[in-house]
Amino acid sequence: MTELIRDQVASFIQDGIRLAQEAEALPPFPLPHIGVERPRQVAHGDYATPVCLQLTEDARMAPRAIATRVVDHLPTATFVGGVDVAGPGYINVTLDSSWVARQTRHILEGGHKWGHINLGSGNRVQVEFVSANPTGPITVGSTRNAVIGDVLASVLEAAGFLVEREYYVNDAGSQVRKFGESLYARYAQALGEDEPFPADGYLGGYVVDMAAELARQLGRKYLESDRPEAIQALGELGIERVLDQAEADLAALRVTFDTWFHERTLYESGLFDRLLQRLRENGFITEREGAVWFTSPDLEEDAVLVRSPQVIPDPAERPTYLGSDVAYVWNKLVERGFDRAIYVWGADHHGDVPRVRAVAKALGLDPDRVEIIIYQMVNLKRGAQDVRMSKRAGEFVTLREMIDEVGPDPIRFLLLTRTVDATIDFDLDLAVEQSEKNPVYYVQYAHARICSILRYAAEQGWDPDDEGDVSLLTHESEQALIRKMLELPEIVAHAAEQRAPHRLTFYAQELAAQFHAFYRDCRVVAEEDAERTRARLMLVRAARMTLAQALGLLGVTAPEQM
RNA sequence: GCCCCAGUAGCUCAACUGGACAGAGCAUCGGACUUCUAAUCCGAGGGCUGCAGGUUCAAGUCCUGCCUGGGGUACCA
């Protein structure tokens, strides 16, 4: 666990303001929140705060004058090398370079915990993601979902939250039947029967394949039994197999779940009925046209929870998704007691966000505990060409095909090179291209290069675990590399706070670039300078650890050679 | 019609949720391998942040209106 330098700088500045007030260099006013940022320009130091720009009214002084008085009263701090007043009234803080050098040892001591922080202080967070309908293979959109959810979960873990990953299986309602009907038709056809395909059935070839396999394994068993029962049984069997496949494919993407939660259990346990009653008693339910509507002052329109028998004959198929969500959100926040439930949804579901939050509020829960991350769509490309996809016609590229074609590393990395708010083009050609256009290999190459140095050093008789004098790490490129490594905990904090997993891919690239610059400037293994070699080997090990940590959070492998 | 997301360098995108001269990568042009991996590095050019107003000491970021692209708007999931 590391205390963020950002926070240390903030309290350092705060001390300066307080001491200036005690010395009556500044008038009394309540201590403000100290916003600390990393300046874009290196000339502006390692950290900066514009806080004095906001204090002009409180202090009745010009911002630069305030900043000067704060700086005059700053205490001493070992990590601070210099403080300047700059521009309109910024306070710029530069880290002490010998302190920076010493952090190399600190990083190495952190081991696999380096970069972990205690933002979450043990709060329990559930991240529910993918949750694709179990009626077909995982597609590209769900792949983005998987990567965002998984890396966000990892980042939250590193930030000190207790995280559980959950896949919500939509196995209630009409999908089972619809899928069963499609499967039944293909099954019968596979056995030579002249069975018509349902009008709104699943057209994909995978249904044909699965039906053929079932026909081979089960023979004519389900043609001879009661038809609705056969459809039901085949539907359940099919969903089971789709889920097995999804689990395997996601595992190949290195995404695994703590819980596969079945929607059906929300009804079997009677929870749905109990909560409907609760909502009814509290005035959130109206019934009209035979349907049960959820009505809330927070919504512009009522939403159906249970459809009318005139529209849907089967009682089991009447509750809508939102109906299930009533029970599900209660299950998450009350029965299982998560402090917070994060949902990862595609942009095509954004319209449901206010409804789920309104449901939570109507149940008496704090809607802020329900957090929904909306990510934009993925366009699959081959070079400049769009890959045409039609889910209805069953034509789409599956996660399995993407893994077979490009492998998990590029999929994971490239899908996290955009904010969740931006639509993303995923170029299958670029993903496998091992060139400077592909940032995955850029970062992995840096790691392989580091390992190569360590191998070479060992060959030359250096003990890789030898301790060196890190105070020798004074070169500009050595310092820049350490400073970049020291950013990791803050990147984790930011990615966790802002739910911005893409931060990690940007950071990994910056760190790799900083390492390559160091490599250019500084020879590591040099017989004639044993002390410096030992110090630099420590630095290289720390760099390896930091890069591996960033890649580890991304779920991307850190190869020892390429 | 209404709701959500985006519009930033030739292209693809960042920008620490209001802070300093708006940054990367790719592409283009010019350089660097008898040295621990050239899948690398160095340098150069490239901008009215879609448009028009407004708020603020300070706006790519906030508010209003428009334009363009994508998504949504069912007793679908």
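Atom set for the values below is all heavy atoms of this structure, side chains included, hydrogens, waters and symmetry mates excluded. Lettering follows sequence order; numbering is per chain, from 1.
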Review point. On RNA chain B, nearest-nucleotide positions of A:L454 versus A:E300: which is more 5'?
Key: A:E300
Point to revise | For A:D171, side chain to side chain donor-acceptor pair (under 3.5 Å) partners two or more places apart | key: A:H262
Exercise for review: Tell me which residues in residues 53-68 of chain A put a heavy atom below 4.0 Å from RNA chain B, sorted by number, or none.
Suggested key: A:L53, A:Q54
Check your understanding: Do A:H349 and the base of B:rG72 stack face to face, with centres under 5.5 Å apart and an angle between planes under 30°?
Key -> no
Practice item. Determine, for A:R544 against A:E560, whether the closest basic-nitrogen to carboxylate-oxygen distance falls under 4.0 angstrom. Key: yes
Check your understanding: Does A:R523 have any side chain to side chain donor-acceptor pair (under 3.5 Å) partners at least two apart in sequence or in another chain, and if so, which?
Key -> none
Review point. Looking at residues at least two apart in the chain, or sitting in another chain, which of them share a side chain to side chain contact (heavy atoms under 4.5 Å, CB included) with A:P134?
Key: A:V169, A:N170, A:I239, A:L243
Exercise for review: With sequence neighbours left out, write down each residue that passes side chain to side chain donor-acceptor pair (under 3.5 Å) with A:D409, or none if nothing qualifies.
Suggested key: A:R254, A:Q444, A:T557
Study note, to complete from the structure: Residues at least two apart in sequence or cross-chain that pass side chain to side chain contact (heavy atoms under 4.5 Å, CB included) with A:V443, listed by chain then number, are A:F413, A:A508, A:Q509, A:A512, A:L547, A:L551
Check your understanding: Tell me, which of residues 524-535 of chain A have any heavy atom that sits under 4.0 Å from an atom in RNA chain B?
Key -> A:V524, A:V525
**Study point:** Pair A:R280 + A:E287, salt bridge at N-O below 4.0 Å
**Key:** yes
Review point. Would a line drawn from the ring center of A:Y168 to the ring center of A:F129 be shorter than 6.0 Å?
Key: no
Check your understanding: How would nucleotides 38-48 of chain B be written as a contact map, 5' to 3', with B for base contact, S for sugar-phosphate-only contact and - for no contact, using protein heavy atoms under 4.0 Å?
Key -> SBSSS------
**Study point:** Over 12 non-hydrogen atoms of neighbours within 6.0 angstrom of CD in A:Q385
**Key:** no
Review point. Hey, is the side chain of A:T417 poking within less than 4.0 Å of OP1 or OP2 on B:rC13, counting only N and O atoms?
Key: no
**Study point:** Those residues that, when tested against A:P88, pass side chain to side chain contact (heavy atoms under 4.5 Å, CB included) (two or more places apart)
**Key:** A:L53, A:Y90
Exercise for review: Could you check how far NZ of A:K437 sits from P of B:rC26, rounded to whole Å?
Suggested key: 10 Å
Practice item. Would you kindly compare A:F506 and A:Q41 by the position of their nearest RNA chain B nucleotide and give the one closer to the 5′ end? Key: A:F506
Practice item. Using only side-chain N and O atoms of A:H502, determine if any of them is under 4.0 Å from OP1 or OP2 of B:rC16. Key: no
Practice item. Assign A:A422 to base, sugar-phosphate, or nothing according to its heavy-atom contacts below 4.0 angstrom with the strands shown. Key: sugar-phosphate
**Study point:** With sequence neighbours excluded, residues passing ring-ring contact (aromatic ring centres under 6.0 Å, His included) with A:Y167
**Key:** A:F257, A:W260
Review point. Hey, would you say the A:F515 and A:F518 ring centroids sit under 6.0 Å apart?
Key: yes
Study note, to complete from the structure: note: A:L511, atom CG; B:rA24, atom C1'; distance rounded to Å ~ 15 Å
**Study point:** Contact list for RNA chain B against residues 305-326 of chain A - heavy-atom distance below 4.0 Å
**Key:** A:R307, A:S308, A:V311, A:Y321
Exercise for review: Dot-bracket notation for RNA chain B is requested: 5' to 3', Watson-Crick or G-U wobble pairs only, both distances under 3.5 Å, with ( ), [ ], | and . as defined.
Suggested key: (((((((..((((.....[...)))).(((((.......))))).....(((((..]....))))))))))))....
Check your understanding: How long is the line joining CZ of A:R455 and P of B:rC36, in whole Å?
Key -> 13 Å
Review point. With distance as the sole criterion, do the side chain of A:D352 and the base of B:rA77 form a donor-acceptor contact below 3.5 Å?
Key: yes
